Q: 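Submitted below is the structure of interest, expressed as structure tokens.
Keep in mind it's a predicted model, so treat the numbers as computed, not measured. Protein chains get the first letters and strands the later ones, always in sequence-line order, with residue 1 at the start of each.
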Protein chains: 2
Amino acid sequence: MDGNTPEIKRGRKYDQVIAGARDVFLAQGFEGASVDLIAREAGVSKATLYSYFPDKRILFIEVAKQECASQADRALQVDSTDVPVREMLTIMSHKMMEFLTSNFAQRIFRICVAESDRFPELGREFYASGPKLLEDRLSEYFKHACERGELKIDDLGLAAMQFQELVKSEIFVKMIFNIIEKPTDAEVDRIIDGAVDMFLARYGV
Amino acid sequence: MDGNTPEIKRGRKYDQVIAGARDVFLAQGFEGASVDLIAREAGVSKATLYSYFPDKRILFIEVAKQECASQADRALQVDSTDVPVREMLTIMSHKMMEFLTSNFAQRIFRICVAESDRFPELGREFYASGPKLLEDRLSEYFKHACERGELKIDDLGLAAMQFQELVKSEIFVKMIFNIIEKPTDAEVDRIIDGAVDMFLARYGV
DNA sequence: CCCAAACTAAACTGTATGGTCTATAATAGC
DNA sequence: GCTATTATAGACCATACAGTTTAGTTTGGG
């Protein structure tokens with residue numbers, strides 16, 4: 001089965017290789033991950049791995065790109081609109097916070113920061129599928145809210161970026177630098193309420 | 001000369017070693033930096049290097065800690081107080097921006113993110129000498145401003161963190177991910193004015 | 001049941017690297 | 001000037017690792 005998509009990837013162990021590589025790269029970084037370990041983790045021989053990917057860099061980039069895409073998939077979906085702005089902002093903040101504090105987000109952020117010098121396209125990919133995408137989604141919502149007269153914003157992009165940063169306050173940085181493992185509910189509420197209060201003080205009608 | 005401080009570091013090439021190691025580590029990261037290169041860059045033989053530092057990890061930690069301390073030294077100094085709040089916030093923002101966009105800050109941030117898993121103390125050191133220190137300085141200023149009736153803030157720490165994040169908006173992240181090289185003056189003004197406006201909308205009297 | 005393609009384990013190559021050692025040279029206090 | 005400390009170059013060792021090769025095994029379509 002699945003013989004009808006033979007164009008791009010050839011062979012059945014492809015997904016296994018990617019999966020193993022993802023685990024190891026995300027945990028160890030590019031340099032830290034050895035090809036032997038990746039192969040073992042993937043349950044695949046080294047020769048098979050090299051039959052799919054000519055070298056380690058290409059495998060890494062492929063994995064990293066897929067993870068960025070996955071990041072985009074998990075990004076905020078702004079759907080309901082018949083909710084008061086304050087509530088809506090709070091809901092969105094909580095979703096953002098949940099993502100930002102996830103193991104996945106922390107790992108991919110770390111790896112993209114570390115490797116975006118060696119692989120410049122990686123930085124671009126991450127930014128587009130992360131901060132930029134979120135900016136667009138937020139801007140979209142803010143625009144509608146403005147049209148409904150619930151917010152008053154002249155620079156939508158700026159407002160979106162500001163909101164992102166406010167929600168990241170303290171907790172994200174503390175987790176990235178291994179100061180805390182997970183924030184408590186109280187800590188989360190403090191940051192989110194603070195973010196929403198500040199945002200509405202500036203852009204509320 | 002200088003023969004009166006023999007207790008801690010022993011020998012005259014110590015500073016050379018540190019200097020060379022700093023250059024190479026900041027440019028290449030921990031794994032990427034080879035000891036041979038560090039020795040060459042420091043103008044010192046490998047044996048000499050190893051006579052000061054028993055292994056590469058210890059050398060790295062020493063360098064990284066010193067850089068964190070240096071980061072603390074360059075941190076915001078809040079001095080004059082007879083300046084209107086808006087102006088003061090703008091001045092401080094510009095100083096923060098200058099630092100955040102410096103080669104130094106970008107490099108040390110990148111390396112601390114990348115290596116704070118391998119060296120947990122590094123994350124703590126960075127946080128204390130960076131975000132935390134700035135939080136304290138800002139809080140201090142905010143407190144005085146509150147006492148003078150120029151601001152109204154209940155959670156000083158939160159306000160300080162929020163201000164930091166607002167100033168970092170967009171530009172810092174874009175630089176870390178190699179999207180832009182340096183921001184234009186207009187971009188800087190847009191972010192800083194936005195940050196100050198937002199902050200005062202929330203905490204202004 | 002056969003055969004070709006995909007896969008496997010494991011040995012192998014070459015290179016880079018962390019760290020040590022040795023034999024020699026500079027440096028300074030006495 | 002003599003001697004002890006400190007530094008030097010560079011050979012050297014062991015290891016880890018990317019990538020290749022080989023010789024054999026699994027798999028699935030015809």
Q: What's the CG-C1' distance between B:Leu37 and C:dT15, to the nearest Å?
A: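 Answer to the nearest Å: 17 Å.
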Q: Show your reasoning for whether ring pair (Phe, Tyr, Trp, His ring centres under 6.0 Å) applies to B:Tyr14 and B:Phe53.
A: CA-CA 10 Å; B:Tyr14 182 94; B:Phe53 301 95; 5.6 Å; yes
Q: Base, sugar-phosphate, or nothing for B:Gly43, non-hydrogen atoms under 4.0 angstrom?
A: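 The residue B:Gly43 makes sugar-phosphate contact but no base contact.
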Q: Using a strict threshold of under 4.0 Å (side-chain N to carboxylate O), is an ion pair present between A:Glu135 and A:Lys132?
A: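 Yes, A:Lys132 and A:Glu135 are salt-bridged.
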Q: If you check every side-chain atom of B:Asp36, which of C:dC7, D:dA18, C:dG18 has the closest atom?
A: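 In terms of side-chain proximity for B:Asp36, the closest of C:dC7, D:dA18, C:dG18 is C:dG18.
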Q: What is the distance from OH of B:Tyr50 to P of D:dC12, rounded to the nearest Å?
A: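 Distance check: B:Tyr50 OH to D:dC12 P gives 19 Å.
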Q: Any side-chain N or O of B:Tyr52 less than 4.0 Å from the OP1 or OP2 oxygen of D:dT6?
A: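 For D:dT6, neither OP1 nor OP2 has a side-chain N or O of B:Tyr52 closer than 4.0 Å.
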Q: Report the distance from atom NZ of B:Lys56 to atom P of C:dT20, rounded to the nearest whole Å.
A: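 It is 14 Å, rounded to the nearest whole Å.
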Q: Rounded to the nearest Å, what distance is computed from the OH atom of residue A:Tyr14 to the P atom of nucleotide C:dC7?
A: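 Interatomic distance, OH of A:Tyr14 to P of C:dC7: 13 Å.
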Q: It should be established whether B:Lys46 places a side-chain nitrogen or oxygen under 4.0 Å from OP1 or OP2 of nucleotide D:dA7.
A: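 For D:dA7, OP1/OP2 do not have a side-chain N/O of B:Lys46 under 4.0 Å.
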Q: From C-beta outward on A:Val44, which listed nucleotide comes closest to its side chain: C:dT8, C:dG18, D:dT8?
A: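 For the A:Val44 side chain, the nearest candidate turns out to be C:dT8.
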Q: Nearest to the side chain of A:Ser34, which nucleotide is it out of C:dG19, D:dC17, D:dA7?
A: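 Between C:dG19, D:dC17, D:dA7, the one nearest the side chain of A:Ser34 would be D:dC17.
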Q: Tell me: CZ of B:Phe30 to C1' of C:dT17, nearest whole Å?
A: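 Rounded to whole Å, this separation is 12 Å.
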Q: Separation of B:Leu49 atom CG from C:dG19 atom P, in whole Å?
A: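 Taking CG of B:Leu49 and P of C:dG19, I get 10 Å after rounding.
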Q: Take the protein atom CG of B:Asp15 and the nucleotide atom C1' of D:dT6, then report the distance between them rounded to whole Å.
A: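 After rounding, the gap between these two atoms is 16 Å.
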Q: How long is the line joining CD of A:Gln16 and P of C:dT8, in whole Å?
A: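 In whole Å, C:dT8 P lies 7 Å from A:Gln16 CD.
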Q: Less than 6.0 angstrom separating the ring centers of A:Phe60 and A:Phe30, yes or no?
A: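 A:Phe60 vs A:Phe30: aromatic centres under 6.0 Å.
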Q: Donor-acceptor pair, distance only, cut-off 3.5 Å: does the side chain of B:Arg202 make one with the backbone of A:Arg202?
A: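 Not confirmed, B:Arg202 side chain does not pair with A:Arg202 backbone.
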Q: Side chain of A:Ser51 only, heavy atoms from C-beta on: which candidate in C:dG19, C:dC7, D:dG19 is closest?
A: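 Of the options given, the side chain of A:Ser51 lies nearest C:dC7.
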Q: Where the side chain of B:Ala47 is defined as all heavy atoms beyond and including C-beta, which of D:dA9, D:dA7, C:dG18 is the nearest nucleotide?
A: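 From the listed options, D:dA9 comes nearest.
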Q: Give the intermediate values and the outcome of salt bridge (charged side-chain N to carboxylate O under 4.0 Å, His left out) for residues A:Glu67 and A:Arg107.
A: CA-CA 10 Å; A:Glu67 290 307 292; A:Arg107 281 178 173 194; over 6 Å; no
Q: Tell me whether the OP1 or OP2 atom of D:dA7 has a side-chain N or O from B:Thr48 closer than 4.0 Å.
A: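 No.
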Q: Is there a side-chain contact between A:Lys13 and the phosphate of C:dC7, meaning an N or O under 4.0 Å from OP1 or OP2?
A: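 Negative; the distance criterion is not met.
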Q: Using a cut-off of 4.0 Å on non-hydrogen atoms, how would the nucleic acid contact of A:Ala39 be classed: base, sugar-phosphate, or nothing?
A: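 Nothing, no heavy atom under 4.0 Å.
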